[in-house]
Amino acid sequence: MDKMMDEIVSKLVKDIRYGEIKGTYNIVVATINLLKYLINNANWITAKDLIEIIILNGKHLIDAFPLEASIGNMVRRILKIIREEYMLELKKKSDESDFQESLHKLLTAEAEDDVDFNISVPSLKPSLIDRLNEFELELETCSENITKLAPEYIESNDIIMTFGKSTLVEEFLKTAAATKSFEVIVAEGGPSLRGIEMASSLSEAKIQTTLLSDDLMFALMPKISKVIIGAHTVMSNGGLRAISGCGTIARAAKYYSIPLIVLLPLYKLSPLSVCSYKQDGFTKYASPLSGVISGANAALLERVEAYNPVYNYVPSDLVTLFITNMGSNEPSCNHKLISELYHPNDYKL
Ligand SMILES: *[C@@H]1O[C@H](CO)[C@@H](O)[C@H](O)[C@H]1NC(C)=O
Ligand SMILES: *[C@@H]1O[C@H](CO)[C@@H](O)[C@H](O)[C@H]1NC(C)=O
């Protein structure tokens with residue numbers, strides 16, 4: 001049996017590596033499409049075979065992109081869906097006599113570790129495909145569910161600080177602006193300076209916006225009523241990997257006891273924790289020539305080592321609240337969410 005679907009997996013790896021597919025949401029959608037393709041086309045009979053196939057191919061993708069935690073999150077979501085659908089379909093069969101014995105054992109299994117996934121249930125495939133189609137549709141509502149909550153968390157007369165550019169934060173602020181009047185201060189977000197784009201988009205939407213040099217974040221913080229940022233990944237301990245500079249804005253907010261709100265589509269919530277610059281898969285380094293050091297100064301380039309990390313770690317004690325597509329929660333509640341989203345046997349793949 002051919003369990004590794006080389007061609008289709010390699011194609012996705014290539015598409016992500018060469019930027020044909022970019023942005024976390026698009027990567028998530030492509031990953032789910034791939035897993036759905038495997039369920040439809042790979043050669044499997046029992047849930048046990050299928051779980052192996054999903055893990056084997058999923059790990060290949062995960063290893064190719066250690067920074068894209070959402071890929072692993074989606075592999076784990078699909079594994080949990082397979083486990084659940086298998087149990088549901090088996091229960092439906094409970095009246096069929098030839099299933100009785102194994103079923104009884106299954107339904108009374110103490111731990112899920114004892115569940116035997118090696119029983120063939122022909123109705124599993126169609127029910128899985130239905131469930132995945134639903135899951136895909138639901139995913140489309142993710143950012144809308146978050147931006148819908150904006151009017152609950154933004155008051156008129158708020159002065160909000162944000163950092164650089166996040167499409168989700170941008171939409172969140174624009175949604176609130178339909179009913180509230182507030183001010184936004186955008187730190188420009190060096191060295192990429194994408195805050196400039198963010199500020200002009202907000203002011204085009206008639207939001208009173210000021211662009212701020214990153215150096216002034218600390219000085220201005222006492223005037224701010226809340227800080228709102230996005231994240232690349234949220235770890236199981238509630239800490240986050242966010243664009244470089246978010247560590248500084250978060251510390252300034254904490255120093256002045258200003259609430260820090262993080263917008264979190266749940267596909268970014270990982271059951272793992274990588275939080276050290278020394279760990280593989282925590283950050284990547286961009287060329288220091290893009291904004292950190294000038295290429296014109298050849299003498300200096302020879303003598304200094306310059307680093308330009310793309311991500312910062314923001315520890316959970318700096319975060320006040322996560323706003324997710326299922327509501328809002330404090331960082332300490334992440335463990336509960338994780339146990340609802342993923343099966344513990346799949347945390348480590
Ligand atoms: C799973 O079931 C098949 C067919 O019933 C059997 O041949 C195979 O040995 C079983 N595998 C395991 C690991 O129990
Ligand atoms: C968005 O909210 C609706 C209604 O509360 C819910 O049914 C749906 O599952 C949510 N979507 C996601 C992706 O959580």
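Just follow the structure's listing: the first ligand is 1, and inside any ligand the first atom is 1.
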For this session: Check whether the side chains of Asp158 and Ser225 place a donor and an acceptor atom closer than 3.5 Å, and report yes or no.
Result: yes
Problem set entry | Of all pairs that satisfy ring pair (Phe, Tyr, Trp, His ring centres under 6.0 Å), the ones with a partner from residues 184-222, not counting sequence neighbours |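 Output for this query lists Phe218-Tyr255, Phe218-Tyr256.
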Report, one line per pair, each donor and acceptor closer than 3.5 Å where one atom sits in a side chain of residues 173-188; sequence neighbours left out.
from, atom 1, to, atom 2, distance (Å)
Lys174, NZ, Glu170, OE2, 3.2
Lys174, NZ, Ser201, OG, 2.9
Thr175, OG1, Glu171, O, 2.7
Thr179, OG1, Ala176, O, 3.4
Lys180, NZ, Pro151, O, 2.8
Lys180, NZ, Ile154, O, 3.0

Exercise. Would you call Lys11-Glu7 a salt bridge at under 4.0 Å N-O?
Worked result: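 Salt bridge flag = no for Glu7 with Lys11.
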Exercise. Hey, what's the ring geometry for Tyr311 with His232, parallel, tilted or perpendicular (30° and 60° as the breaks)?
Worked result: tilted
Between side-chain atoms of residues 323-332 and protein atoms elsewhere (two or more places apart, or another chain), which donor-acceptor pairs fall under 3.5 Å?
from, atom 1, to, atom 2, distance (Å)
Thr324, OG1, Met326, N, 2.9
Thr324, OG1, Gly327, N, 3.4
Thr324, OG1, Gly327, O, 3.1
Asn325, OD1, Leu266, N, 2.8
Ser328, OG, Tyr153, OH, 2.7
Asn329, ND2, Asn334, OD1, 3.1

Using a 3.5 Å cut-off on N/O to N/O, what pairs does ligand 2 make with the protein? A line per pair would be great.
from, atom 1, to, atom 2, distance (Å)
ligand 2, 2 (O), Asn145, OD1, 3.3
ligand 2, 2 (O), Asn145, ND2, 2.3
ligand 2, 9 (O), Glu138, OE2, 3.4
ligand 2, 11 (N), Thr141, OG1, 2.9
ligand 2, 11 (N), Asn145, ND2, 2.9
ligand 2, 14 (O), Asn325, ND2, 2.8

